[in-house]
Amino acid sequence: MNTTKAWVASAAKQPMKLEVLDLGPFDSEEVEIAVEHCGLCHSDLSVLNNEWGLSQYPAILGHEVVGRITALGPNAKGLQIGQRVGVGWHSGSCMHCRQCMSGSHHLCSKAQFTIVGHRGGFASHMRTHWAWAIPLPEKLNFAEAGPLLCGGVTVFAPLAMHAKPTSRVGIIGIGGLGHMALKFAAAYGCDVTAFTSSESKFDEAKGFGANHVVSSRDSAAIKKLAGNFDLLISTVNVPLDWDIMIGTLAPNGRLHVVGAVLEPIPVSAISLILAQRNISGSPAGSPVAIETMLDFASRHHITPQTEHFPMSRINEAFARLESGKARYRIVLDADF
Ligand SMILES: [Zn+2]
Ligand SMILES: [Zn+2]
């Protein structure tokens, strides 16, 4: 397949239009995938609107890709034609730097973002480096698996790195990322608290596995949790009362940021020093982290709660995401 039908954004904040494109030369380490489903992540919207100043146009967005392999370069390893795979935020890395050689390909300084200077999954076909085409477990619900590939691993990785089943974990922001974080943390055995500004989400948060739900606008209720959490994962992209939030961390506790809030987070050194607290962040996850997350999700029957749109209604789906009304993650089904 040398051509693809793709939904193309020609400039920032413009509606996407269907185009037929030449995919160009097929690299020997590349894999070509016929897209079946692709999740819509908030980062797609941020790149469409050039919020981070790194977008490249024309852009083909979509980085929660589920599809079948239709072609393999001669040097693509460990995959087969027809195999169902997923592709997330990254679709390439140098494969020889210290980070790649130690398994942290997502920290490679040359890591290729799937939707920046590379064609993403809102298309009939897309290509990726073989290391980033992750085989999907047979028992996984493929139609719902897309959001696991970016949003899922983004919240799973900090749990795998920093939580134990005995941990008290707080998830800040119950949206696309946060609702998956609740499911993962609950399945892992943690005592899970959901923080949300929307009272309409209280019951659903409990349904996703939260043991406790707290309004993120209720400073008095949050203050009562002082010294409580071993791990807080923040998925929001708006500033919070960080002082009070950090105050809810137990000694050795950690605030882990995966929501791309643009405003700086002010931190009191004393609060970190005296309770030996940590603040950290992480981008998506390595190929092995994605594979581990998919295995865990399959074993515990974890899927995101989704709304489906045919890909031909992509602009409507983006508007729905932008409105903040999506519950909780949108998946576009290929209909070329
Ligand atoms: Zn994403
Ligand atoms: Zn590298």
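Order of listing sets the numbers, starting from 1, for every ligand and every atom in it. Hydrogens, waters and symmetry mates play no part in the numbers below; they use all other heavy atoms, side chains included.
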- Message: With a sphere of 6.0 Å drawn around CG of Asp203, does it hold more than 12 non-hydrogen atoms of other residues, nucleotides or ligands?
- Response: no

Note: [X]-[Y] ion pair, threshold 4.0 Å (strictly below):
| X | Y | result |
| --- | --- | --- |
| Lys77 | Glu29 | no |
| Arg320 | Glu307 | yes |
| Asp230 | Arg168 | no |

- Linking I/L/V/M/F/W/Y whenever their side-chain heavy atoms sit closer than 4.5 Å, directly or via other members, would Val47 and Met311 fall into one cluster? yes

- Message: Which of the protein's N, O or S atoms come within less than 2.8 Å of the Zn ion (ligand 1), not counting waters?
- Response: Cys41 SG, His63 NE2, Cys150 SG

- Message: For Phe195 together with Phe229, are the ring centres under 6.0 Å from each other?
- Response: yes

- Message: Donor-acceptor pair, distance only, cut-off 3.5 Å: does the side chain of Asn50 make one with the backbone of Ser55?
- Response: yes

- Query: Passes side-chain hydrogen bond (donor to acceptor under 3.5 Å, both in side chains), Glu51 versus Ser46? Steps please.
  - Reply: CA-CA 5 Å; Glu51 280 166 29; Ser46 298; 3.1 Å; yes

- Message: Please report the interatomic distance SG(Cys190) to CG(Leu231), rounded to the nearest 0.5 Å.
- Response: 8.0 Å

- Which protein N, O or S atoms lie under 2.8 Å from the Zn ion (ligand 2)? Cys94 SG, Cys97 SG, Cys100 SG, Cys108 SG

